[in-house]
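Since the structure comes first, as structure tokens, the remarks are kept for the end.
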Amino acid sequence: MELAAEREASPEEIRSFRELGHACVRGLATPDEVAAFAPSICDAADRLAWNRDIPPQRQRTYDQAFHQAIGLCWQDEAIREFVFAPRFARVAAELLGVDGVRLYHDQALVKRAGGGPTPWHQDAYYWPVDAGAAITMWMALVDIPPEVGSMVFADGSHRRGDLRGPAISDESEDHFARLVEEEALSTSTHGAMAAGDATFHAGWTLHSAGPNPSADDRPAMTVIYVADGATVLVPERDEQRLDLALYLPGAMPGGPAATDRNPLLWRSGT
Ligand SMILES: O=C(O)CCC(=O)C(=O)O
């Protein structure tokens, strides 16, 4: 199945992303398209999640939130087609307002039936690239009911940059939940999702997600894009050093974020 047919980001999606730091794009993939790819993604996620075998007594909040499998596009050709889809990449580029985007990395996030909440965090905490040049797409691979829902975003938090909280953990949850409460930050969620609906959020957009009280797993696939022409920054912390080694192998601070693991996925006019 081809995911080549493109679509433009709408003015409302662009406004939402730029003003609020997040946007919801309903129906970015059709139910048939998702049905063609989801089994490979879910099967790979089940086999390859790095945190799938942690015994319950050693699981941190983060491990209880979801099984996380990274870099699936390099494991399976069908998944590569999904992750490299020009349709998704074009929306990412247009929301960011850039001429082209490259792959930063992909990850499947499967919140298990009964799984816990996703603590508040900022993705760019981990990224050795300018947060304004990168964007996360999160796509529902099944219909997600309201009681499970999608992410909760702190509106406009992307404009505040690094809020200097800790890595995703109980500590980040405490730190950022206090910030949200003390500053009475406005939050929003796009709520229930149909398979193929996606949200996009900016690197510094503060976000979290609720638990999964349902009897069904909640698989989602994410693709993180970096603007074509973005520069690698000097890593500030170990998490950024690790991301640099894993997702930009061989790239040097000051140089382009464009290794052979970062193919160009969409460029305007091509
Ligand atoms: O799937 C979730 O619960 C959270 C996802 C998330 O934090 C992200 O994609 O940045």
Side-chain angles (χ1 to χ4, degrees), residues 17 20-25 28 38 41-42 45 49-52 59-72 83 88 91-92 95-96 103-127 129 131 134-154 157-158 162-163 165-170 172-173 175-177 180 187-193 195 197-214 216-226 239 243 247:
F17 181 78
L20 303 175
H22 57 89
C24 182
V25 180
L28 185 55
I41 296 172
C42 293
W50 64 271
N51 53 354
R52 70 189 282 273
Q59 285 176 5
R60 301 156 305 165
T61 302
Y62 185 50
D63 304 309
Q64 288 160 3
F66 40 67
H67 284 175
Q68 179 181 32
I70 301 172
L72 297 183
V83 170
F88 308 161
V91 172
L95 294 179
L96 276 178
L103 175 67
Y104 181 51
H105 72 88
D106 69 68
Q107 57 184 348
L109 299 172
V110 182
K111 188 161 285 199
R112 310 308 299 238
T118 305
W120 284 106
H121 65 285
Q122 293 181 293
D123 294 347
Y125 175 92
Y126 296 88
W127 299 344
V129 290
I135 182 170
T136 300
M137 180 194 79
W138 183 103
M139 182 177 282
L141 296 181
V142 294
D143 291 347
I144 301 179
E147 67 273 21
V148 180
S150 48
M151 278 175 280
V152 177
F153 300 102
S157 50
H158 62 308
D162 187 348
L163 291 165
I168 184 169
S169 59
D170 288 334
S172 73
E173 174 64 23
H175 179 93
F176 289 125
V180 169
T187 60
S188 37
T189 179
H190 300 284
M193 307 285 268
D197 289 351
T199 58
F200 287 79
H201 61 272
W204 288 129
T205 302
L206 182 61
H207 58 285
S208 64
N212 177 2
S214 78
D216 300 309
D217 287 355
R218 185 235 59 188
M221 185 61 177
T222 69
V223 183
I224 298 126
Y225 303 90
V226 60
E239 288 86 347
D243 255 40
Y247 310 132

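Numbering of ligands and ligand atoms starts at 1, following listing order.
- At least one donor-acceptor pair under 3.5 Å links the side chain of N212 to the backbone N or O of D216.
- Across Q122, H207, M137, a single residue satisfies side chain to side chain contact (heavy atoms under 4.5 Å, CB included) together with H201, and that is H207.
- The heavy-atom pair separating L72 from A108 by the smallest distance is CD1-CB, 3.7 Å.
- Those atoms of ligand 1 with a heavy atom of D123 less than 4.0 angstrom away are 10 (O).
- Among the atoms of T222, none of the N or O lies under 3.5 angstrom from an N or O of ligand 1.
- A heavy-atom distance below 4.5 Å is found between the side chains of M221 and V83.
- Contact annotation: for R218 versus ligand 1, heavy atoms closer than 4.0 Å belong to the side chain alone.
- Proximity to A209 (heavy-atom distance under 4.0 Å) selects the following atoms of ligand 1: 3 (O).
- Among residues at least two apart or in separate chains, side-chain hydrogen bond (donor to acceptor under 3.5 Å, both in side chains) pairs with a member in residues 135-146 are D123-T136.
- Considering backbone and side-chain atoms together, T136 places no N or O closer than 3.5 Å to any N or O of ligand 1.
- For ligand 1, the atoms closer than 4.0 angstrom to any heavy atom of H121 are 7 (O), 10 (O).
- Of all atoms in ligand 1, listed by their number and element, those nearer than 4.0 Å to a heavy atom of K111 are 3 (O).
- Taking every heavy atom of H207 and a limit of under 4.0 angstrom, the matching atoms of ligand 1 come to 6 (C), 7 (O), 8 (C), 10 (O).
- Interface of H201 with ligand 1, defined as ligand atoms under 4.0 Å from a residue heavy atom, comprises 8 (C), 9 (O), 10 (O).
- For the pair L20/F153, no side-chain contact is recorded, criterion being any heavy-atom separation below 4.5 Å from C-beta on.
- Close contacts of ligand 1 with M151, meaning ligand atoms under 4.0 Å from a residue heavy atom, involve 5 (C), 6 (C), 7 (O), 8 (C).
- With hydrogens and angles ignored, the 3.5 Å screen pairs a side-chain donor or acceptor of E173 with a backbone N or O of W120.
- Checked against side-chain hydrogen bond (donor to acceptor under 3.5 Å, both in side chains), E147 has no partners two or more places apart in sequence or in another chain.
- In summary, the atoms of ligand 1 found under 4.0 Å from a heavy atom of L109, numbered by their order in the structure, are 1 (O), 5 (C), 9 (O).
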